[in-house]
Amino acid sequence: MRYSSFGRRLLSAFLAFWLGLSVLSAKDFVVVIDAGHGGRDAGALGNKSKEKDINLGVALKLGRLIQNNEQGVKVVYTRDKDVYLTLQERANIANRVEGDLFISIHTNSIDKKSPNRKTVAGASTWTLGLHRSKENLEVAKRENSVIYLENDFSTRYEGFDPNSTESYIIFEFMQYKHMEQSINFASDIQHEFVSEAGRVDRGVRQAGFWVLAKTSMPAVLVELDFICNPTQEKFLTSESGQTKMAKAIYNAFSKYKSDYDRKQNAGKSIDISTASSAPAVTRKTTAEPSVAELAEQDEDSGVTYYKVQFMALPRKLPASSKEFKGLSPVEYYQDGGMYKYTYGKSTDRNEIQKQYKKVKSLFRDAFIIEFRDGKRVK
Ligand SMILES: [Zn+2]
């Protein structure tokens with residue numbers, strides 16, 4: 001009798017402990033998968049297929065891969081069937097479920113009049129930012145143009161006009177809170193598109209996509225390949241092609257999730273140590289040399305010189321940041337609230353052209369800029 005009451009108490013203590021643990025355990029990681037277009041919005045058109053169907057096919061396969069292989073992850077689709085959704089509704093869904101990561105899936109195309117229409121190929125992955133080339137702007141324009149299907153788009157989208165180049169200036173001054181995570185994830189997806197899915201590499205790029213601007217979490221948009229190229233269209237509409245593309249994104253997701261878990265756990269162990277009764281130990285913070293310190297001697301006057309700009313972010317990165325893909329030393333200058341990162345410096349245009357080639361292989365949107373008296377010449 002005594003024993004069994006002890007047993008019961010032990011059991012209830014155990015239960016309370018276990019329940020407590022489940023309450024304390026972190027909430028599921030929420031990934032929002034956004035199949036671009038749908039319903040009356042077909043997206044880009046191929047010979048035999050529509051963008052909206054390819055996007056949905058890959059989105060559902062990706063969701064299934066995540067559900068079958070990852071624990072503690074909740075998959076939310078903005079659409080899981082052929083229905084029309086506005087860009088704003090897609091962002092609203094992601095924000096409402098408090099997504100931890102947003103993946104928008106699209107298929108690329110180029111203008112009907114373009115001579116390359118049947119030969120252009122390759123996958124690209126995009127994060128939010130100001131486009132650095134007309135080509136990048138065109139992709140954002142095309143993907144944003146679905147806004148025109150709404151009657152009252154100019155009030156709903158705060159005066160943003162998808163086809164007006166001037167409209168895109170808002171992306172220059174936007175706060176990119178999740179830039180670093182988004183770019184890291186985008187780079188991993190892009191790597192997988194090449195290695196897992198055998199795509200031509202069109203790189204990680206930036207442009208002003210409305211749907212990315214309005215989601216408050218790390219967010220990327222992929223352009224799988226070109227629907228206007230019959231060979232790629234065949235690949236993208238095939239079961240095996242879609243599976244490869246989904247697997248590529250899944251591999252990058254899986255890596256992102258385990259990095260995320262590692263950071264969460266690191267955070268937890270710090271909590272435990274500070275909560276314990278042991279005397280507090282001041283943690284030694286090893287100050288990494290920041291890029292600023294490397295850019296100090298940049299006050300030359302009376303000289304014109306050139307640098308290669310390859311990235312713009314709203315904040316300062318440490319000199320050893322992974323974001324620089326091994327480029328060193330990196331410098332920066334500030335402009336319009338952004339830190340604009342550069343590599344190389346020369347008064348000789350031919351010399352900087354060589355540097356530019358090197359940077360361009362890592363950052364395809366890199367370009368040469370000119371400084372006079374320590375100031376950028378526009
Ligand atoms: Zn699209």
Side-chain angles (χ1 to χ4, degrees), residues 122 124-140 165 168-169 171-176 179-180 182-184 186-188 190-191 194 200-208 286-378:
S124 50
T125 309
W126 301 71
T127 61
L128 181 64
L130 185 70
H131 56 275
R132 299 206 192 102
S133 70
K134 190 165 178 292
E135 188 196 348
N136 289 1
L137 174 63
E138 290 311 311
V139 174
T165 302
Y168 286 79
I169 200 77
F171 297 108
E172 171 126 49
F173 302 107
M174 211 160 253
Q175 287 302 307
Y176 299 109
M179 175 89 94
E180 196 170 346
S182 303
I183 291 179
N184 279 342
S187 308
D188 288 337
Q190 196 54 32
H191 177 82
V194 177
V200 169
D201 186 5
R202 295 181 67 87
V204 172
R205 302 178 182 209
Q206 274 85 46
T286 44
E288 271 192 277
S290 83
V291 182
E293 292 164 45
L294 296 168
E296 221 73 309
Q297 69 276 49
D298 225 33
E299 300 301 313
D300 318 48
S301 62
V303 242
T304 296
Y305 54 87
Y306 305 96
K307 293 180 170 195
V308 184
Q309 182 172 322
F310 60 92
M311 186 160 70
L313 291 176
R315 52 199 160 65
K316 208 183 328 178
L317 294 175
S320 61
S321 172
K322 266 202 333 202
E323 308 288 302
F324 299 140
K325 301 186 185 172
L327 278 184
S328 176
V330 167
E331 301 180 336
Y332 79 92
Y333 66 98
Q334 277 178 285
D335 180 29
M338 298 290 274
Y339 290 84
K340 303 199 167 170
Y341 294 91
T342 66
Y343 177 78
K345 179 182 173 185
S346 179
T347 52
D348 179 358
R349 248 210 107 102
N350 290 330
E351 178 54 38
I352 206 71
Q353 199 65 36
K354 279 185 218 155
Q355 314 269 28
Y356 167 71
K357 270 195 189 144
K358 174 181 172 184
V359 179
K360 179 102 175 144
S361 67
L362 298 164
F363 298 89
R364 54 186 305 147
D365 289 334
F367 54 96
I368 295 172
I369 52 174
E370 184 182 336
F371 282 82
R372 202 172 300 145
D373 300 336
K375 284 207 176 72
R376 164 110 193 256
V377 185
K378 296 219 183 185

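Just the heavy atoms: all of them, side chains too, but no hydrogens, waters or symmetry mates, feed the values below.
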Under 4.5 Å between any side-chain heavy atoms of Y306 and I369, yes or no?
no
How far apart are the closest heavy atoms of A140 and G208, and which atoms are they?
CB-O, 3.7 Å
Which value, rounded to the nearest 0.5 Å, describes the distance between Q355 atom CD and K360 atom NZ?
15.5 Å
Quick one: does K358's side chain get under 4.5 Å of L327's, heavy atoms only?
yes
Residue pair Q309 / T342, side-chain donor-acceptor N/O under 3.5 Å:
no
Aromatic ring proximity, centroids under 6.0 angstrom, Y333 and F371
yes
Are any of the side-chain heavy atoms of R205 and T127 separated by less than 4.5 Å?
no
Evaluate the side-chain proximity of L130 to Q206: yes if any heavy-atom separation is below 4.5 Å, no if none is.
no
Give a yes or no answer on whether the side chain of K325 reaches the backbone of L362 with a donor-acceptor pair at less than 3.5 Å.
yes
Inter-residue atom distance L137.CG - H131.NE2, 0.5 Å rounding:
4.0 Å
Might you work through the side chain to side chain contact (heavy atoms under 4.5 Å, CB included) test for I368 and Q353, ending with a clear yes or no?
CA-CA 8 Å; I368 295 172; Q353 199 65 36; 3.5 Å; yes
Are any of the side-chain heavy atoms of Y332 and K340 separated by less than 4.5 Å?
no
To the nearest 0.5 Å, atom CG of N184 lies from atom CE of M179 at 11.5 Å
Roughly how far, to the nearest 0.5 Å, is the OG atom of S361 from the OH atom of Y356?
10.5 Å
Between R349 and E351 (salt bridge meaning N to carboxylate O under 4.0 Å), is one present in this structure?
no
In plain terms, say whether K307 and E331 are close enough for a salt bridge, that is, a side-chain N and a carboxylate O under 4.0 Å apart.
yes
Would you check, one step at a time, whether the test side chain to side chain contact (heavy atoms under 4.5 Å, CB included) holds for N136 with W126?
CA-CA 10 Å; N136 289 1; W126 301 71; 3.6 Å; yes
Just checking, is any N or O donor in the side chain of Q190 or D201 under 3.5 Å from an acceptor N or O on the other one?
yes
Non-hydrogen atoms of R202 and S124 that approach each other most closely:
CB-CB, 3.9 Å
Shortest non-hydrogen contact from V308 to A366?
CG1-CB, 4.0 Å
Please test E180 against L317 for side chain to side chain contact (heavy atoms under 4.5 Å, CB included), starting from the C-alpha separation and ending with a verdict.
CA-CA 10 Å; E180 196 170 346; L317 294 175; 3.9 Å; yes
When Y343, F363, F367 are each screened for ring pair (Phe, Tyr, Trp, His ring centres under 6.0 Å) with F310, the one that passes is F363
